[in-house]
There are 2 protein chains.
Amino acid sequence: MAVRGSYAKGIAKRDEILTTALEVIAKIGYRRTSLRELAAAVGLSQTGLLHYFGTKEDLFIEVLRRRDEVDMDAYGIQLNDNDVIRGILDVVRHNTDVPGLMHLYTQFSAEASEETHPAHGYFQERATFFQRTVADAIKAQQAAGQLPDSLDAGHIALMLQVSIDGLQSQWLMDNSLDMAAHLSRLWDALVRA
Amino acid sequence: MAVRGSYAKGIAKRDEILTTALEVIAKIGYRRTSLRELAAAVGLSQTGLLHYFGTKEDLFIEVLRRRDEVDMDAYGIQLNDNDVIRGILDVVRHNTDVPGLMHLYTQFSAEASEETHPAHGYFQERATFFQRTVADAIKAQQAAGQLPDSLDAGHIALMLQVSIDGLQSQWLMDNSLDMAAHLSRLWDALVRA
DNA sequence: GTCTATATTGGGATAGAC
DNA sequence: GTCTATCCCAATATAGAC
C-alpha cells in the first residue's frame, strides 16, 4: 500500500513537466508548441514526454487543468467571498501577462466543440463549474442584501463566462483592448436591478 | 481590354464553388472539411479547386466573406434602421441552422490571432466594421430619442460582438443554449440608462 | 523511465500532361 | 482550366533497445 519512491518520483516529474509547460506555452503560444519543442524545453525526448501523458491532447488538457488550479490559488476564485467580480477581474488582468495560455485556451476550446474531442469534457465541466460557482456567489450576495433579489444569477454567470471568452479572443487580435474595464462595466450593467 | 468569356466564366465558377462550399461546411464543419473533400463536393479535383483560390486559407477566408455578404442581404444587418438588436438576433438565431459555419468562424478566429495568419486582417476588419456599424446605429437611435443619450455606443457594440462570439463558442459545446434569449436580455441590461 | 529511430497519417502544394 | 500523379512536410505515435 505504501507509495513507493518510483511512483512518487513519477508524480513529481509530471508536476515539474506541467509547471515548465505552462511557462513555455505562456510565452510562445499553443500553435508553436509542438511536442518536440515542449520536450526540448523540459529536457526530455518527445517519447519521454509522452510517457507521462500518453497523447498531445491529454497533455494540453492537463496544462489547462493545472492553470485553473494555479489561478484559483492565486486569485481566490473560490468566489465564496462577497465580491464575485473582484477575483474575476484579477484573473482577466493577469491573463494579459500570459497570452500564450489564452491562446491555448481559445484554440483548444474551438477544437473541443466536437463531442469526440478529448478535451470536450474538460470544457463542459469547466463551464459548468464556473457558472455554478459564480451563480452561487451572486446568490450569497443577494442573501446578504448586497445585490438585488431580482437578478437572475444563472444568466449573469453565463454572460460573464461568454463575455470573458469573447473578450479574450478579441484581445488576442488586438491587445490594446482593456478587457477588465469592459468587463467591469458589463458587471455594473448586469447587476443594476 | 474587353472582358472575355473565359474570364467571366472563371468568376462564375468561383462563385459557384463558394456557394457549394458554404453548404458543405455548414453541414459537416470546418475540421472535417479538407481540400480533398471540398473538391469532391464541388466536383473538382483538389488542384482544380486550388486553381481558383491559391491556398486553403485563402479559400476559407473567401467562404467567410461570402457568408457575411449573404447574411447582410438576408437579415438586413446594414443596421441603419432603428432597431439594431433585431437584425442581430435574427442572425444569431439563423446561425443555429449552420453549426459548421459557426465552427469555421470560431476555429479560424482562434487561429487568426497570430499576426502572420492570412485571416488576421479579415477578422480585424470584420470586428471594426461590426462595431462601427452597430455603434452608429445606436447613436442614430439615441439621436431619435429612442435610446438614452448616456449610453456608450462603442462599449455596447463591443460587448455585443464579444458576447456573440462567446455564446457561439458555448453553443457549439452545448447546443441547448438559447443564444438569442441571453443576448436579448444582455441588450436590455446594456441599454438601461 | 528514457532514449533513438522509424512508422504512419493527413494534409497541402507542385509539375507537367492534356 | 482541369486532371493525375507525386512530392513534401509537420506532427504524432509506436517499437524496441538500454
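Numbers restart at 1 for each chain; the letters A, B, ... are given by sequence-line order, proteins then strands. Keep in mind the model is a prediction, meaning the values are calculated, not measured.
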Review item, side-chain donor-acceptor pairs of residues 35-54 of chain B, under 3.5 Å, at least two apart:
unit_1	atom_1	unit_2	atom_2	d
B:S45	OG	B:T47	N	3.4
B:S45	OG	B:G48	N	3.0

Check: protein-nucleotides 4-10 of chain D nitrogen or oxygen pairs below 3.5 Å:
unit_1	atom_1	unit_2	atom_2	d
D:dT4	O4	B:T47	OG1	2.8

Regarding the side chain of A:S34, the nearest nucleotide among C:dC3, C:dT14, D:dT12 is D:dT12
We want to know whether B:Q170 and A:D165 form a side-chain donor-acceptor pair, criterion being a heavy-atom distance below 3.5 angstrom.
no
Under 4.5 Å between any side-chain heavy atoms of B:E114 and A:H103, yes or no?
yes
Could you tell me how far apart A:D58 (CG) and D:dA13 (C1') are, to the nearest whole angstrom?
13 Å
Residues forming a side-chain hydrogen bond (donor to acceptor under 3.5 Å, both in side chains) with B:T55, sequence neighbours excluded
B:D58
How close or far is atom C1' of C:dG16 from atom NE2 of B:H51, stated in whole angstroms?
14 Å
Ring centroid separation B:F123 to B:Y105 under 6.0 Å
yes
What pairs meet the side chain to side chain donor-acceptor pair (under 3.5 Å) rule with one or both residues in residues 180-193 of chain B, with sequence neighbours excluded?
A:D152-B:R185
May I have the step-by-step check of salt bridge (charged side-chain N to carboxylate O under 4.0 Å, His left out) for B:R93 and B:D90, ending in yes or no?
CA-CA 5 Å; B:R93 275 187 213 102; B:D90 283 345; 3.2 Å; yes
Euclidean distance, atom CZ of residue B:F53 to atom P of D:dT2 [Å, nearest integer]
12 Å
When the ring centroid of A:F60 is compared with that of A:Y30, is the distance short of 6.0 Å?
yes
Distance alone, cut at 3.5 Å: any donor-acceptor contact between the side chains of B:D174 and A:Q124?
no
Whole-Å distance between D:dT12 P and A:F60 CZ?
8 Å
DNA chain C: A:G43 or B:E37, which has the more 5' nearest nucleotide?
A:G43
Compute the bend angle of the helix from C:dG1-D:dC18 to C:dC18-D:dG1 from the end axes (five pairs per end), rounded to 10°.
10°
Between C:dA13 (C1') and B:K56 (NZ): distance, integer Å
13 Å
For A:L44 and C:dC3, what is the distance between atoms CG and P respectively, to the nearest whole Å?
5 Å
I want to check something: taking the side chain as every heavy atom from C-beta on, are B:I61 and B:F108 in contact at a cut-off of under 4.5 Å?
yes
Can you check the A:L49 CG to D:dA13 C1' distance for me, whole Å?
13 Å
Is there a residue in residues 17-30 of chain B whose heavy atoms reach under 4.0 Å of DNA chain C, and which residues are they?
none
Check whether the side chains of A:R31 and B:S113 place a donor and an acceptor atom closer than 3.5 Å, and report yes or no.
no
Measure from CG on B:L50 to P on C:dA15 and round the result to the nearest Å.
13 Å
